[in-house]
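Just so it is clear, the values below take in all heavy atoms, side chains as well, and ignore hydrogens, waters and symmetry mates. Computed from a predicted model, the values in this text were never measured in an experiment. As the structure lists them, so they are numbered: ligands from 1, and atoms in each ligand from 1.
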Amino acid sequence: MKCMICFFSPTRSTYNVCKNMVYILKSYGYEVDMLDVTKRELRERKNTNHIFYDLYIIAFPVYSQRIPDIFSEYLHRISINSHNAIIVSTYGSVTEGNALSQAAAILNKKNLQIYGAIALPSEHSYRSAFMSGYIYDNHTEELENFFTNALFNIESKKEVKIRSNLAVGMFFSQKFLAGITLKVPNVIKEKCVRCNKCIQACPTNAIDINLNISANQCIRCAACVKVCEVEARECVFKNHISRIIVAKGIQRKGKPVIFT
Ligand SMILES: Cc1cc2nc3c(=O)[nH]c(=O)nc-3n(C[C@H](O)[C@H](O)[C@H](O)COP(=O)(O)O)c2cc1C
Ligand code: SF4
Ligand code: SF4
């Protein structure tokens with residue numbers, strides 16, 4: 001049996017969960033391929049892989065209570081050679097909003113059946129702006145239980161219905177919400193050692209060779225902040241309300257949201 005995990009993960013929490021899923025799926029006899037489409041070049045690459053997958057998993061972080069726009073655009077564009085899907089998401093313990101149901105709608109349109117969906121609380125992308133907060137593990141136990149049920153659903157052809165929530169994120173564009181939440185993470189020149197790691201980590205190629213960021217291309221994912229080892233980039237909130245909302249997620253221990 002073959003499984004593909006296709007994921008988007010700028011600050012790598014989702015990626016860490018994906019690595020954990022590989023071990024679990026292998027224990028069920030799956031051969032697992034991973035496709036990281038975080039970087040723009042990888043999302044734009046032509047798909048020359050025609051393997052049929054018994055299971056297709058998509059994994060992504062919740063952005064403004066939804067699936068990240070650039071990942072949903074990618075999913076709309078590609079053809080998926082599978083009938084069975086599982087949805088995995090990570091969120092910063094504020095709310096998963098409508099991310100799971102939105103992802104399910106995209107996959108259903110492509111004639112995939114959904115046999116399980118999970119949103120796992122993870123480190124918030126903007127955690128570095130705070131002194132405190134939970135550091136989550138990779139949710140081994142929750143994932144093991146989730147996959148036991150979801151794989152059983154595939155065997156018995158029992159599709160899951162994912163509840164749709166009323167979410168603020170439905171009424172404003174993600175670009176607008178991200179733009180009013182966080183400043184573009186400018187470089188602190190005195191600290192920068194010119195390693196260029198931030199340029200390489202950016203999923204939208206928003207950082208130029210002089211380390212300046214195009215505000216228009218920046219999706220405020222904070223990958224450049226997290227990857228910088230000398231703290232030459234930082235998360236700075238644009239307003240007090242956004243800071244309070246993110247702090248709420250960082251200070252409480254969120255729970256997995258599961259559909260099986
Ligand atoms: C632009 C942006 C919007 C976010 N919106 C939400 C949200 O609506 N609810 C939430 O709980 N977490 C939110 N988060 C936090 C991420 O979902 C969470 O940190 C996720 O684990 C990051 O995944 P990654 O490390 O794979 O990039 C947001 C993060 C970013 C960067
Ligand atoms: S990652 Fe940090 S130190 Fe490296 S170039 Fe970017 S800002 Fe400078
Ligand atoms: S420049 Fe913007 S889009 Fe690029 S890594 Fe930094 S926060 Fe993310």
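Using a 4.0 Å heavy-atom cutoff, F7 is absent from the residues neighbouring ligand 1.
By the criterion of a heavy-atom distance under 4.0 Å, neither the backbone nor the side chain of Q174 is placed next to ligand 1. Contacts of F60 with ligand 1, taken as heavy-atom pairs under 4.0 Å, are absent altogether. Proximity of I207 to ligand 3, defined as any heavy-atom pair under 4.0 Å, is confined to the side chain (atoms from C-beta onward). Only the backbone of A222 comes within 4.0 Å of ligand 3, judged by heavy-atom distances. Here S93 has backbone heavy atoms under 4.0 Å from ligand 1, and that is the only part of it that gets that close. Counting heavy atoms under 4.0 Å from ligand 1, residue R220 touches it through the backbone alone.
Classification of E123 and K226 as a salt-bridged pair holds, one side-chain N sitting under 4.0 Å from a carboxylate O. With respect to the salt-bridge test (charged N to carboxylate O, under 4.0 angstrom), the residues K39 and D36 do not qualify.
Side-chain heavy atoms closer than 4.5 Å link hydrophobic residues (I, L, V, M, F, W, Y) into clusters, and following such links, even through other members, never connects V37 to V32.
When the heavy-atom distances from atom 23 (O) of ligand 1 to P68, A99, P61 are ranked, the shortest goes to P61.
Atom 6 (Fe) of ligand 2 has an N, O or S atom of C198 inside 2.8 Å of it. Put simply, C224 stays out of reach of atom 8 (Fe) of ligand 3, with no N, O or S atom under 2.8 Å from it.
Applying the 4.0 Å criterion to heavy atoms of R233 picks out, from ligand 2, the atoms 7 (S). In summary, the atoms of ligand 3 found under 4.0 Å from a heavy atom of C218, numbered by their order in the structure, are 1 (S), 2 (Fe), 3 (S), 7 (S).
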